[in-house]
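Input: a single structure, listed below in structure tokens.
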Amino acid sequence: MTGTPHRPGLDAQGFIVREGSLARVPDAFRPVVAAARDRLPEVFGTRLHSAYVYGSIPRGTARVGRSDLDLLVALRKEPSDADRDAVRALGEALDEEFGQIDGVGTLLHGRARLLSDPERYDLGWFLACLCTPLLGADLAEHLPRYRPDSLLARETNGDLARRLPRWRERIEGAADTEEARRPLVRFMSRHLVRTGFTLVMPRWQGWTSDLRRMAGAFSEYYPERAAQLRAAAEHGTQPEGDPVVLRSYVDDLGPWLAAEYARVHGVKAPRPD
């Protein structure tokens, strides 16, 4: 008898299972998450619709002193510059207060945009599948369920070609120090690995947020680029501010990946910003 093939990250109907849970937050990070939950209403008051935590902390894989706190905040109206300044100040305060995290990253959007048609397979999918509810009514209730198909691949990571010029500017503008380049290596490494994974996701027919597993899935279909993506997965978890690594991303791996992505899935529909 032939068994049912393993489909990681999917339910029995082939939909992506929402990852993360507050119950999985490691003990060391619980005070950080609690502080964010308590202070967000103080910052935004009644304008706050809901808030979510995502990334390694709700997945239970965060490492003390190495992992950052990732938040998605939904406001009832589109955020202003003052709102962005306020959430940036909150992140800086949390980062300074809690040594167990290495930075705070916050996505700030209005409810209407998160539920809009153009964002349905990008920010909407991200909220519904990768974000753990922290405060307020869960917007995922207004979103569809998602399969690992080509539409999702295109609308999540099909914009790498548009990003590369900005990446080059950030690299050129960074201070000539290991410390200044390290966050760029981490960010760009993670983005490239995730893009490589979603390139093959419809064929692999599953979902994972583990960088090494993403690189492994990619390697099954592009063995000639496997070593590069596996190295990027390592840089995404243990970054070093190496200028050679950054230059290879924008001169070689990034342009190749952008071209192959466009060939296989097409280009992501432009957004207003």
Side-chain angles (χ1 to χ4, degrees), residues 9 17-44 48 50-75 79 83-109 126-127 129-136 138 170 174-175 177-194 197 207-215 231-242 245-246:
V17 176
R18 193 178 209 172
E19 65 178 27
S21 165
L22 294 181
R24 297 181 191 169
V25 174
D27 290 342
F29 294 93
R30 289 185 179 278
V32 189
V33 174
R37 183 180 59 234
D38 292 342
R39 295 179 197 181
L40 281 168
E42 296 174 1
V43 173
F44 294 111
L48 177 67
S50 52
Y52 309 79
V53 60
Y54 66 94
S56 61
I57 290 180
R59 292 200 304 267
T61 60
R63 296 179 297 165
V64 172
R66 300 297 298 270
S67 297
D68 51 357
L69 173 66
D70 294 309
L71 300 169
L72 170 64
V73 177
L75 300 183
D83 291 326
R84 296 184 181 91
D85 290 341
V87 84
R88 188 179 304 114
L90 173 60
E92 291 171 355
L94 291 170
D95 186 33
E96 183 176 352
E97 182 175 345
F98 295 98
Q100 55 267 60
I101 57 172
D102 181 22
V104 177
T106 304
L107 302 176
L108 183 66
H109 296 289
F126 179 79
L127 185 152
C129 294
L130 305 189
C131 292
T132 298
L134 183 64
L135 278 170
D138 185 7
R170 292 181 65 181
T177 66
E178 200 277 341
E179 183 179 7
R181 288 188 292 262
R182 189 167 57 246
L184 294 179
V185 170
R186 179 169 66 177
F187 165 75
M188 293 179 189
S189 297
R190 292 179 178 183
H191 192 94
L192 289 173
V193 173
R194 290 166 181 156
F197 170 69
W207 175 260
T208 178
S209 283
D210 181 272
L211 292 177
R212 292 183 178 92
R213 194 169 191 183
M214 285 182 165
E234 296 305 315
H235 290 311
T237 56
Q238 300 183 39
E240 296 179 1
D242 187 343
V245 169
L246 290 173

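For the pair Val43/Val87, no side-chain contact is recorded, criterion being any heavy-atom separation below 4.5 Å from C-beta on. Within the 4.5 Å cutoff, the side chain of Leu72 has no heavy atoms near those of the Leu130 side chain. In this structure, Tyr54 and Leu107 have side chains that are in contact, with non-hydrogen atoms separated by less than 4.5 Å. Side chains of Val17 and Trp207 form no contact here, defined as non-hydrogen atoms less than 4.5 Å apart. Within the 4.5 Å cutoff, no side-chain heavy atoms of Ser189 are placed close to those of Gln238. Using a 4.5 Å cut-off on side-chain heavy atoms (C-beta onward), Asp138 and Tyr52 make contact.
The structure places OG1 of Thr208 at 7.5 Å from CD of Glu19, a figure rounded to the nearest 0.5 Å. Atom OG in Ser50 sits 10.0 Å away from atom CG in Leu134 (nearest 0.5 Å). The CG atom of Leu192 sits 11.0 Å away from the NE2 atom of His235 when rounded to the nearest 0.5 Å. The CZ atom of Phe187 sits 11.5 Å away from the CG atom of Leu246 when rounded to the nearest 0.5 Å. If you take OG on Ser209 and CE on Met214, they are separated by 5.0 Å, rounding to the nearest 0.5 Å. Between the CG atom of Leu108 and the CG atom of Leu75 there is a distance of 4.5 Å, given to the nearest 0.5 Å.
Between Gly103 and Asp95, the shortest heavy-atom distance links the atoms N-OD1, 2.9 Å. Nearest heavy atoms, Leu184 versus Ala174: CD1-CB, 3.8 Å. The two residues Pro239 and Glu178 come nearest to each other via the heavy atoms O-OE2, 4.5 Å. Between Pro26 and Ile57, the shortest heavy-atom contact is CD-O, 3.4 Å. Smallest separation of non-hydrogen atoms from Ala175 and Ala180: O-CB, 3.6 Å. The two atoms that bring Val245 and Val185 nearest to each other are CG1-CG1, 4.4 Å, heavy atoms only.
Counting non-hydrogen atoms of neighbouring residues, nucleotides and ligands closer than 6.0 angstrom, the CD atom of Glu240 reaches no more than 12 such neighbours.
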Go through it in stages, so that I can follow the logic: the residues are Phe29 and Ile101, the test is side chain to side chain contact (heavy atoms under 4.5 Å, CB included), and I'd like the CA-CA distance, side-chain angles, deciding distance and then a yes or no. CA-CA 8 Å; Phe29 294 93; Ile101 57 172; 3.9 Å; yes

With side chain to side chain contact (heavy atoms under 4.5 Å, CB included) as the test, would you mind laying out the steps for Leu94 and Arg39 before giving the verdict? CA-CA 10 Å; Leu94 291 170; Arg39 295 179 197 181; 3.6 Å; yes

Apply side chain to side chain contact (heavy atoms under 4.5 Å, CB included) to the pair Val53 and Leu69, showing each step before the final yes or no. CA-CA 8 Å; Val53 60; Leu69 173 66; 3.9 Å; yes

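Remark: Asp85 engages Arg88 in a side chain to side chain donor-acceptor pair (under 3.5 Å) (not counting sequence neighbours). The side chain to side chain donor-acceptor pair (under 3.5 Å) test applied to Arg170 returns no partner, not counting sequence neighbours.
Between the Arg30 side chain and the Val25 main chain, a donor and an acceptor come within less than 3.5 Å of each other. A distance-only check finds a donor-acceptor pair linking the side chain of Arg63 to the backbone of Thr237 [under 3.5 Å]. Side chain of Arg18 to backbone of Thr132: no donor-acceptor contact under 3.5 angstrom is found.
Ionic pairing of Asp102 and Arg182 is not present here: no N-O contact between side-chain nitrogen and carboxylate oxygen is shorter than 4.0 angstrom. Salt bridge Arg212/Glu234: present, at least one basic N to carboxylate O contact under 4.0 Å.
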